[in-house]
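Every chain is numbered from 1, with letters handed out A, B, ... down the list of sequences. In this text, all values refer to a predicted model and were calculated from it rather than measured experimentally.
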Amino acid sequence: MSNPKLSPSFYQRQDVTSIAQELIGKVLCTQIDNDPLTSGIITETEAYCGRGDKACHANNDTRTDRTETMYQAGGISYIYLCYGIHHLFNVVTNVEDKADAILIRAIEPLDGKNKMLQRRGKQDVNPSLTAGPGRLTQALGITTSFDGTALTDNSIWIEDWEIGFSAPSLVATERVGVDYAGEDAKLPWRFYPQESKWVSQK
DNA sequence: CATTTGATGTTCT
DNA sequence: GAACATCAAATGC
């Protein structure tokens, strides 16, 4: 309860890759409708930059109905539907008109594990519960209806528990599933702690 | 084990 | 109509 939510000033800095690395170890929380609170430690992120990154939906300052959310000031959610099935959760960063975002790809469950199991239709808590961008959103109850929600709100937010991984050996690798982006697909903008098992496969 | 395929809907050409 | 920041189940070794 006493852990502070990250404030807009955290998200509105210019360097999206720095923020992506700092988000590792923070705690993503959701409290949807009247369901129990669910939360987990962020273990995997990917940075997307709206300028000079072909893998980003809003590359080259292209504005569409879908990407308009990313052009808002940092500190809100950007949630969109992928492959018609999966709701992918991103954190919008940078200031207004700078379309940067960070995809949250995996978490390690903390609170509300039973609720997550119920939402996912699973029996056991293991990495297949929340390791993967489509999985964690389902476990946390995140849908596109929360697109554009402020992360200072009481539905979705991120707290700083000052967890700090025992050996914060952060690994930077190529992003997943963005081969279509040519040269930009090779940018090492995917981050995760080497010792964590709660990381998506690939 | 590895690899393939079906589900599913929004966006953009 | 094709592509897509994916997952799970089915098939082939």
Give a yes/no answer on whether the side chain of [X] brings an N or O atom under 4.0 Å of OP1 or OP2 in [N].
X	N	value
A:Arg135	C:dA8	yes
A:His57	C:dA5	yes
A:Tyr83	B:dT10	no

### Query
Under 3.5 Å, is there an N or O donor on one side and an acceptor on the other linking the side chain of A:His86 and the base of C:dA5?
no
### Pairwise P distance for C:dA5 and B:dT3, with rounding to whole Å
23 Å
### Query
With a 4.0 Å cut-off on heavy atoms, is A:Asn90 in touch with a base, just the backbone sugar-phosphate, or nothing at all?
base
Between [options], which nucleotide has the shortest distance from any of its atoms to the side chain of [X]?
X	options	value
A:Tyr180	C:dC4, C:dT6, B:dA7	C:dC4
A:Arg120	C:dA8, C:dA5, C:dC7	C:dA8
A:Thr64	B:dC12, C:dA5, C:dA8	B:dC12

### Message
What I'd like to find out is whether the side chain of A:Asn90 reaches to under 4.5 Å of the side chain of A:Ile79, using heavy atoms alone.
### Response
no
### Query
Would a 4.5 Å heavy-atom cut-off, applied to side chains only, mark A:Leu110 and A:Trp161 as touching?
yes
### Query
Just how far is it from atom SG of A:Cys49 to atom CG of A:Leu187, taken to the nearest 0.5 Å?
9.5 Å
### Message
Taking the six-membered ring of A:Tyr78 as reference, does the cationic atom of A:Arg66 (NZ for Lys, CZ for Arg) lie under 6.0 Å from its centre and within 45° of its axis?
### Response
no
### Face-on cation placement of A:Arg105 at A:Tyr192 ring, 6.0 Å and 45° thresholds
no
#### Entry: Closest-nucleotide 5' rank along DNA chain C - winner of A:Leu81 and A:Ala131
A:Leu81
### Query
Mapping A:Ser128 and A:Tyr48 onto DNA chain C by nearest heavy atom, which one lands closer to the 5' end?
A:Tyr48
How long is the line joining [atom1] of [X] and [atom2] of [N], in whole Å?
X	N	atom1	atom2	result
A:His87	B:dT8	NE2	P	13 Å
A:Leu88	B:dT11	CG	C1'	15 Å
A:Ile79	B:dT10	CD1	P	15 Å
A:Gln138	B:dT8	CD	C1'	14 Å
A:Arg175	C:dC4	CZ	C1'	15 Å

### Complementary nucleotide of B:dT8, counting Watson-Crick and G-U pairs under 3.5 Å
none
### Message
Let's test this: given Watson-Crick or G-U wobble pairing with both distances under 3.5 Å, identify the partner of B:dT3.
### Response
C:dA10
